[in-house]
Colleague: 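Take this structure, written in structure tokens, and hold onto it; I'll ask about it next.
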2 protein chains.
Amino acid sequence: MSDLTQRQSEILEFIRSRLRDTGFPPTREDIAREFGFSSKTGAQDHLVAIARKGYIELVPGNARGIRLLKGGDEVLSHQFELPLIGSIAAGTPLTAATNVESWLRIDPQLFHPRADFLHRVSGHSMKNANILDGDIVGIHAQQDADNGQIVAAVMPHPKTGEDEITLKRYFRRGRRVTLKPENDAPAYRPIEIELAPADGDSQEQSPFRIAGIYAGLIRPRG
Amino acid sequence: MSDLTQRQSEILEFIRSRLRDTGFPPTREDIAREFGFSSKTGAQDHLVAIARKGYIELVPGNARGIRLLKGGDEVLSHQFELPLIGSIAAGTPLTAATNVESWLRIDPQLFHPRADFLHRVSGHSMKNANILDGDIVGIHAQQDADNGQIVAAVMPHPKTGEDEITLKRYFRRGRRVTLKPENDAPAYRPIEIELAPADGDSQEQSPFRIAGIYAGLIRPRG
DNA sequence: GCGTGTACTGTACCAAATAACAGTACAGAA
DNA sequence: TTCTGTACTGTTATTTGGTACAGTACACGC
């Protein structure tokens with residue numbers, strides 16, 4: 001259906017999500033920041049390409065002058081839908097199109113705080129928090145969390161090495177982070193992480209990052 | 001309905017029309033030009049007033065950072081909405097308009113079996129089934145149930161006498177029905193009910209009826 | 001009469017944002 | 001091999017747009 005390249009449709013999807021979340025389109029700089037470009041020209045080039053293919057219209061000289069053309073009513077319907085995020089392709093932003101398993105028709109505003117995406121829980125590690133295997137949790141996207149909050153952490157799977165989302169209760173003291181499962185069984189051990197010192201020049205990748213905080217759940221069966 | 005002044009609602013309407021037509025909000029200068037102000041400060045003052053009254057949100061430092069809050073003309077089909085049933089007015093069918101507290105935008109097909117209506121749980125009587133106070137349960141409407149299923153039972157409140165919905169685990173042996181809470185605390189006692197003999201002419205009201213079976217839940221907060 | 005809110009004009013500053021120019025690198029088709 | 005398109009980095013010029021400050025005028029309630 002799409003004659004857009006992978007990257008281009010990711011960017012188009014980002015524009016849609018920004019419209020959904022903030023009510024207005026992103027700037028070139030917003031796009032560059034989201035995808036990790038160091039220059040906004042990269043974003044501009046993509047926009048021109050997407051516009052040339054007829055998916056958006058660029059209004060010259062206007063800040064945020066991006067108008068969606070195709071799939072316009074899709075934007076409206078996406079207002080009450082949430083992406084279900086499965087596994088995470090390396091180096092992609094979380095809600096990139098490739099990581100979206102499906103869209104579920106649920107009003108994001110049902111959750112408090114508002115949910116930005118969904119994730120299906122597998123396993124029983126959060127049993128004591130009444131989050132069960134097969135539940136779909138709503139996650140409010142944010143980069144940090146308070147002590148004791150349940151977070152969606154992104155970290156490589158111990159065996160496959162592929163990035164995945166897990167729910168854990170978050171505690172931090174200084175540079176020491178503890179991610180604690182909520183299950184008394186001995187198999188469930190807290191994960192201890194020592195954050196790299198924050199010297200601006202460090203190239204080191206943190207072993208995990210917070211994708212957001214737990215904002216509620218859906219249990220799809222009785 | 002509107003605590004906005006004449007001028008303020010004109011400006012709000014202009015913002016809406018711009019979003020419809022161009023896909024992004026107007027700038028202060030756009031507004032000033034439209035209404036013939038010679039200075040954009042006039043527009044800014046109006047925006048601040050409208051924001052203060054809760055109709056829009058201004059995102060500081062962002063070009064066109066205007067977000068609509070109220071009055072998004074949401075003409076949505078009920079196809080992807082479910083009624084939240086609160087207390088039940090005497091002699092009304094369950095999903096009669098009077099009993100509907102609100103409509104929540106959730107795809108009924110998310111639940112298995114499909115949900116026909118929702119009900120907010122109050123109390124901890126189903127704690128062991130991992131259904132908590134404040135959870136919103138999806139109910140699949142049907143008149144009977146299998147032994148061991150969790151049902152939404154309609155019965156008069158012991159004090160007020162008003163019909164209400166409660167969740168219980170359902171067991172039936174002959175004419176004897178047991179509605180069992182899922183909580184070990186001694187305060188939660190099973191309810192035992194003797195059904196009236198089923199002679200077709202009986203005018204007798206059964207002391208309870210099954211509104212449907214539990215089909216899953218939504219927990220709206222983290 | 002005084003304070004408060006609405007409805008503007010006019011000036012000014014500066015961060016936000018667009019947009020153009022000059023590159024590099026790589027992949028696939030002609 | 002050359003050409004075209006994608007996917008960027010880096011720099012700079014210029015405009016757009018937000019916001020603060022200082023006013024004027026009028027209406028309304030206390």
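Note on naming: letters A, B, ... go to the chains in the order of the sequence lines (proteins, then strands), and numbering restarts at 1 for each one.
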Colleague: Below 30° counts as parallel, above 60° as perpendicular, anything between as tilted: where do the rings of A/Tyr170 and A/Phe208 land?
Modeller: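 Rings of A/Tyr170 and A/Phe208: tilted, 30 to 60°.
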Colleague: Pick the nucleotide of DNA chain C nearest each of B/Gln8 and B/Ala63; which residue has the one closer to the 5' end?
Modeller: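 The residue closer to the strand's 5' end, by nearest nucleotide, is B/Gln8.
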Colleague: C/dT4 P sits how many Å from B/Arg52 CZ, rounded?
Modeller: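 In whole Å, C/dT4 P lies 13 Å from B/Arg52 CZ.
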Colleague: Are side-chain heavy atoms of B/Ile31 and B/Leu47 found at a separation under 4.5 Å?
Modeller: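 Sidechains of B/Leu47 and B/Ile31: in contact.
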Colleague: Any heavy-atom pair between the side chains of A/Glu192 and A/Arg176 that's under 4.5 Å?
Modeller: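 Yes, close enough: below the 4.5 Å cut-off.
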Colleague: Please answer whether the main-chain N or O of B/Gln6 pairs with a side-chain N or O of B/Ser9 as donor and acceptor at a distance below 3.5 Å.
Modeller: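 It does hold such a pair.
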Colleague: Angle between the two end axes of the helix from C/dG1-D/dC30 to C/dA30-D/dT1, five base pairs per end, rounded to 10 degrees?
Modeller: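 The helix from C/dG1-D/dC30 to C/dA30-D/dT1 shows an end-to-end axis angle of 30°.
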Colleague: Rounded to the nearest angstrom, tell me the gap between atom CZ in B/Arg33 and atom P in C/dT9.
Modeller: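 Spelled out: CZ on B/Arg33 to P on C/dT9 is 14 Å.
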Colleague: Starting at CG of B/Leu4 and ending at P of C/dT6, how long is that distance when rounded to a whole Å?
Modeller: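 So the CG-P distance, B/Leu4 to C/dT6, works out to 10 Å.
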Colleague: Check whether any side-chain heavy atom of A/Leu179 lies under 4.5 Å from a side-chain heavy atom of A/Pro190, and answer yes or no.
Modeller: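 No, every pair of side-chain atoms sits at 4.5 Å or beyond.
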Colleague: Has A/His46 got a side-chain atom pairing as donor or acceptor with A/Gln8's backbone, closer than 3.5 angstrom?
Modeller: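 Between the backbone of A/Gln8 and the side chain of A/His46 there is no qualifying donor-acceptor contact (under 3.5 Å).
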Colleague: May I ask you to list the residues of residues 39-50 of chain A, by number, that have any heavy atom positioned under 4.0 Å from an atom of DNA chain C?
Modeller: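 Heavy-atom cutoff 4.0 Å gives A/Lys40, A/Thr41.
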Colleague: Tell me, do B/Leu4 and B/Glu13 make a side-chain contact under 4.5 Å, heavy atoms counted?
Modeller: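 Answer no - side chains too far apart.
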Colleague: Reading DNA chain D 5' to 3', which nucleotide is the first, and which the last, to come under 4.0 Å of any heavy atom in chain B?
Modeller: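 The contacted stretch runs from D/dG17 to D/dC21.
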Colleague: Is any side-chain heavy atom of B/Arg64 closer than 4.5 Å to one of B/Asp30?
Modeller: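 Heavy-atom side-chain distance check passes, below 4.5 Å.
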Colleague: Measure the distance from CD on A/Glu29 to P on C/dT18 and round it to the nearest whole Å.
Modeller: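 Checked: the CD to P distance equals 9 Å.
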Colleague: When you compare the side chain of A/Met155 with that of A/Ile191, does any pair of heavy atoms fall below 4.5 Å?
Modeller: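 Contact flag for A/Ile191/A/Met155 side chains = yes.
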Colleague: Could you check whether any side-chain N or O of A/Asp116 sits under 3.5 Å from a backbone N or O of A/Ala141, counting only pairs where one atom can act as donor and the other as acceptor?
Modeller: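 Yes: the side chain of A/Asp116 pairs with the backbone of A/Ala141.
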Colleague: Using a 4.5 Å cut-off on heavy atoms from C-beta on, say whether the side chain of B/Arg105 contacts that of A/Leu110.
Modeller: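 No. Closest side-chain heavy atoms not under 4.5 Å.
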